[in-house]
Amino acid sequence: MSLKSLLSAAAVTAALLSAPVALALEPAVMTQMLATIDDRQRNGGDYKALIYLEQKEKDKTDNVREAFVYRRDADDKLMILFSKPKTEAGKGYLRMDKNLWSYDPNVGKWERRTERERIAGTDSRRADFDESRLAEEFDPTYEGEAKLGKYTAHKLSLKVKPNVDVAYPVVKLWVDKDSTNILKREEYALSGRLMRTALYPRWKKIFSESKGADVWFPEEIRIYDEVEKANSTIILIKSVDLRSLEANLFTKAWLESKSR
């Protein structure tokens, strides 16, 4: 090797040794990170949100809906009740005993749905509106640091735990190092095919009297269908109310009463 080559190789080695290297996070640290993300979004009491959904599909007119999301995190309760447009008003979803049901007032019928169910035909899924259970549902591995625009993120690969039912068994997460907010989420089928990408450009917090701490929620979620590339959905959480809800709200009878 020539003297010039030796000096060049030495310079590269020196540069690599002096460059900052992101240390891999230990499993316990990653699990704690997921638990922190979950806890920041949970409320000690009830949760009600007004949401706006805008669905874009190839060769179709954009479809806009509004709905109310009700949660009682302590009991794992969830209900979604659509209010606009008139053709969708009264339709809804209810999770009972880990089963997801949908209701259509036009036929007065309940149908059981899977975790992969497209909510109201959009690219959203039940988990987009439910409480976060990342630490409970997934095992993480560390994929290093990654830049997303001005943000530096921890990139985690999550694999679903045995006997847990989720929409997609593999998830990749980009978590902002400074705020611990999720910036990006990719969801994969068991085959390894990328199915959905979600971006979280804005987060907001609201103080919860029942929790005695802040509750964080994504003000905006942009979901991109990676199979039907022209399809996408925007979810805007327009308002959040953490006051107590009616005791008997999470029932089929209550949702049916709102559609009459």
Side-chain angles (χ1 to χ4, degrees), residues 11-42 56 115-116 122-161 164 166-205 214-237:
V12 171
T13 302
L16 288 173
L17 291 175
S18 61
V21 177
L23 298 176
L25 299 183
E26 295 294 327
V29 174
M30 288 185 285
T31 299
Q32 182 56 50
M33 183 187 299
L34 297 181
T36 299
I37 293 171
D38 294 339
D39 182 68
R40 282 157 51 96
Q41 297 177 64
R42 285 179 179 150
K56 296 180 181 294
E115 288 295 316
R116 293 173 183 79
T122 70
D123 296 302
S124 65
R125 302 294 187 275
R126 185 274 307 165
D128 296 316
F129 310 104
D130 209 347
E131 70 168 317
S132 180
R133 298 189 185 86
L134 293 172
E136 177 185 334
E137 295 176 337
F138 293 96
D139 291 317
T141 57
Y142 195 64
E143 294 198 350
E145 289 186 0
K147 293 292 288 185
L148 277 180
K150 64 182 180 181
Y151 300 100
T152 301
H154 292 298
K155 185 179 177 182
L156 308 182
S157 180
L158 311 182
K159 184 178 180 181
V160 68
K161 294 181 177 179
V164 174
V166 294
Y168 299 105
V170 177
V171 172
K172 293 186 186 294
L173 277 187
W174 283 254
V175 180
D176 183 15
K177 286 187 67 175
D178 293 332
S179 67
T180 320
N181 288 330
I182 295 173
L183 302 173
K184 179 181 176 181
R185 176 179 177 133
E186 290 181 348
E187 296 170 321
Y188 293 80
L190 198 57
S191 64
R193 183 177 186 179
L194 177 60
M195 306 299 289
R196 287 199 330 166
T197 296
L199 302 180
Y200 301 79
R202 291 187 290 140
W203 286 81
K204 191 173 183 180
K205 63 182 178 180
D214 292 328
V215 172
W216 288 79
F217 61 91
E219 269 195 306
E220 178 179 343
I221 308 174
R222 292 179 175 266
I223 302 170
Y224 299 93
D225 190 326
E226 299 289 0
V227 178
E228 299 293 338
K229 290 286 189 177
N231 296 354
S232 63
T233 298
I234 297 174
I235 302 172
L236 301 178
I237 299 182

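These numbers were taken from a predicted model, which means no experiment stands behind them. Keep in mind that the numbers below use all heavy atoms, side chains included, and drop hydrogens, waters and symmetry copies.
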[X] [atom1] to [Y] [atom2] distance, which is reported to the nearest 0.5 Å:
X    : Y    : atom1 : atom2 : answer
K155 : E145 : NZ    : CD    : 13.0 Å
I223 : D128 : CD1   : CG    : 4.0 Å
L199 : R185 : CG    : CZ    : 12.5 Å
L25  : E143 : CG    : CD    : 12.0 Å
L158 : T141 : CG    : OG1   : 7.5 Å

Under the salt bridge (charged side-chain N to carboxylate O under 4.0 Å, His left out) rule, collect the residues that match up with [X], sequence neighbours excluded.
X    : result
R133 : D76, D130, E131
E136 : none
R202 : E219, E220
D214 : K205

pair [X]-[Y]: side-chain heavy atoms closer than 4.5 Å:
X    : Y    : value
I182 : L134 : yes
F138 : V164 : no
K172 : L194 : no
W216 : I37  : no
L190 : V170 : no

side-chain hydrogen bond (donor to acceptor under 3.5 Å, both in side chains) involving [X] - partner list, sequence neighbours excluded:
X    : answer
D38  : S132
T233 : Q55, D123
T152 : K147
Y168 : R125

Closest non-hydrogen atom pair between P169 and A189, with its separation: CG-C, 4.0 Å
Nearest heavy-atom neighbours spanning P218 and Q41: CD-OE1, 4.5 Å
Residue list, side chain to side chain contact (heavy atoms under 4.5 Å, CB included) with K56, at least two apart or on another chain: E54, D62, S232
Listed partners of L148 passing side chain to side chain contact (heavy atoms under 4.5 Å, CB included), at least two apart: W174, L183, K184
K161 and E137: CA distance, side-chain angles, deciding distance, side-chain contact (heavy atoms from CB on, under 4.5 Å) verdict: CA-CA 6 Å; K161 294 181 177 179; E137 295 176 337; over 6 Å; no
Atom OH of Y200 with >12 non-hydrogen neighbours under 6.0 angstrom: yes
Flag, side chain of R196 to backbone of D225, donor-acceptor distance under 3.5 Å: no
Trace of the side-chain contact (heavy atoms from CB on, under 4.5 Å) decision for Y142 with L156: CA-CA 5 Å; Y142 195 64; L156 308 182; 3.4 Å; yes
Would you list the atom pairs, donor with acceptor, under 3.5 Å between side chains in residues 26-34 and any protein atom, with sequence neighbours excluded?
{"unit_1": "T31", "atom_1": "OG1", "unit_2": "P27", "atom_2": "O", "d": "3.0"}
{"unit_1": "Q32", "atom_1": "NE2", "unit_2": "T36", "atom_2": "OG1", "d": "3.3"}

Pair K204-F217, side-chain contact (heavy atoms from CB on, under 4.5 Å): steps then yes or no: CA-CA 6 Å; K204 191 173 183 180; F217 61 91; 3.8 Å; yes
